[in-house]
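Residue numbering restarts at 1 for every chain, and letters A, B, ... go by the order of the sequence lines.
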Amino acid sequence: MIEKVQTVEHDSGDSADSDALLVKLACRGDRRAYETLYRRNIGRVYALCIRLNNGNREQAELHAQDAFVRAWEKLPTFRGDAQFSTWLHRLTVNLVLGDKRAQKRRMKFEQPEQEPDRHGDTDRGSVRKRMDLEWAISELPHRARQVLVLHDVEGYKHHEIADMIGMAVGTSKAQLHRARRLLRECLA
Amino acid sequence: MTMMTEQQLLDELGRLPRSIEPERDLWDGISSRLEDHAPLVQPGYSRRSVGWAVAATLLVGIAFGFSVDRFTEADIEMTPIVQDMSVPGLSFAGMQQEYAGAIAEWRGQSPDQNLPLAAVEQLEAELDQLQEAVDNLAASMEADPNSPHLARMWRNVQQRQIDVMRILHGHPGFAETSTTEPSTRSL
């Protein structure tokens with residue numbers, strides 16, 4: 001079994017095919033195969049998690065771990081229609097957004113979305129804002145940030161985002177417009 | 001203060017790294033949690049489970065084929081209009097929504113762990129074929145919403161879809177429901 005995994009690791013010619021083989025091995029309980037899948041995909045999963053978690057590293061790590069545990073549980077349902085990385089990515093989005101919804105439900109009183117503090121925080125300064133697009137994104141209101149990250153960074157379509165977040169397509173478009181406007185103001 | 005154009009912003013966003021490595025290796029935490037979960041596929045699945053999977057798949061395949069065969073062009077012309085195919089008080093859109101809810105509920109669950117991987121893959125493939133049939137029928141019904149034949153075919157295929165879902169998830173009610181007349185109300 002180990003030999004198979006090592007062969008797969010050396011076969012960089014067709015990552016999708018080797019992912020499919022690793023998935024089959026992992027489905028049979030081969031953790032080394034699953035670890036290889038983890039190593040190949042953790043970067044993209046973590047990038048998504050940290051952007052959707054407002055730059056919170058601890059929460060992003062937790063969500064990334066949850067995503068890989070959930071994916072392990074659901075591996076038998078992976079049919080190979082899409083690439084494993086695409087499937088995992090979608091699973092991660094659903095997990096993070098689902099957890100955010102659950103967190104919101106647990107709150108007794110919904111707190112209003114906070115607009116980014118574009119005027120009062122002089123310590124951070126406009127220079128840093130220009131240089132740090134990631135920081136500017138993390139300062140966006142959470143809905144606007146989710147839509148912007150999923151659309152402009154991750155490449156999802158509005159109808160997919162609307163489906164994942166549970167909003168109308170028009171709302172997704174409006175949130176994207178708002179997010180871009182706020183970013184441009186923030187980075188000006 | 002000069003505000004960047006939207007295109008400039010999109011260019012900047014496009015340059016963001018798609019991959020960011022976490023500061024620490026998360027694998028150990030993941031690996032330890034995998035031990036808390038049962039193996040994905042039980043190596044010693046029972047003959048009964050295999051028998052169920054094979055029999056159910058055959059049954060669904062035969063029933064599905066039968067349903068489609070019954071509604072060839074000639075049959076439709078000869079078959080008298082069945083009055084009960086229109087569901088009183090429930091529009092086609094309502095029926096679609098009702099079924100979609102049931103399908104989504106099942107889709108969100110994990111397959112029966114007693115099923116062998118091959119059976120799971122086969123059932124999933126069956127579901128995809130059935131979904132394609134449902135989509136095609138739904139498109140036809142939009143063009144001809146009053147056709148009782150289309151409505152009946154649509155309901156039959158949807159019922160088979162539900163039945164396959166039940167097998168896939170080890171639902172105990174499969175044996176009873178698969179032999180009954182399809183009913184949107186039962187959903």
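A/Leu140 and B/Leu10 fall within the same hydrophobic cluster, defined by Ile, Leu, Val, Met, Phe, Trp and Tyr side-chain heavy atoms under 4.5 Å apart, directly or through other members. The hydrophobic cluster containing A/Met164 also contains A/Leu52, counting ILVMFWY residues as joined when their side-chain heavy atoms lie under 4.5 angstrom apart, directly or transitively. The same ILVMFWY cluster, assembled from side-chain heavy atoms under 4.5 Å apart, contains both B/Leu9 and A/Leu176. No chain of hydrophobic side-chain contacts below 4.5 Å, direct or via other Ile, Leu, Val, Met, Phe, Trp or Tyr residues, connects A/Val93 to A/Leu62. Hydrophobic cluster membership is shared by A/Phe84 and B/Leu34, with clusters built from Ile, Leu, Val, Met, Phe, Trp and Tyr side chains linked at under 4.5 angstrom.
Taken from CD in A/Gln65 to CZ in B/Arg33, the straight-line distance is 6.0 Å, to the nearest 0.5 Å. Taken to the nearest 0.5 Å, the CG atom of A/Leu133 stands 4.5 Å off from the CG atom of B/Leu16. Atom CG in B/Leu26 sits 5.0 Å away from atom CD1 in A/Ile42 (nearest 0.5 Å). One finds the CH2 atom of A/Trp72 at 8.5 Å from the OG atom of B/Ser31 (value rounded to the nearest 0.5 Å).
For A/Glu61 and B/Arg24, the salt-bridge test passes: some basic side-chain N is under 4.0 Å from an acidic carboxylate O.
The closest donor-acceptor contact from the side chain of B/Arg18 to the backbone of A/Arg44 lies at 3.5 Å or more, if one exists at all. Judged by distance alone, the side chain of A/Arg184 and the main-chain N or O of B/Met4 form a donor-acceptor pair under 3.5 Å. For A/Tyr38 (side chain) and B/Ile30 (main-chain N/O), no donor-acceptor pair under 3.5 Å exists by modelled atom type.
A/Gly43 and B/Ser19 get closest at one heavy-atom pair: CA-OG, 3.1 Å. Shown here for B/Ile20 and A/Arg51, the closest heavy-atom pair between the two residues is CD1-NH2, 3.8 Å.
A/Asn41 does not touch chain B: none of its heavy atoms, backbone or side chain, sits under 4.5 Å away. Within the 4.5 angstrom heavy-atom criterion, only side-chain atoms of A/Leu148, from C-beta onward, approach chain B.
Side-chain contact between B/Leu13 and A/Leu183 is present, with at least one heavy-atom pair separated by less than 4.5 Å. At least one side-chain heavy atom of A/Arg39 sits under 4.5 Å from a side-chain heavy atom of B/Trp27. Annotation: side chain of A/Leu187 is not in contact with side chain of B/Met3 (no heavy-atom distance under 4.5 Å).
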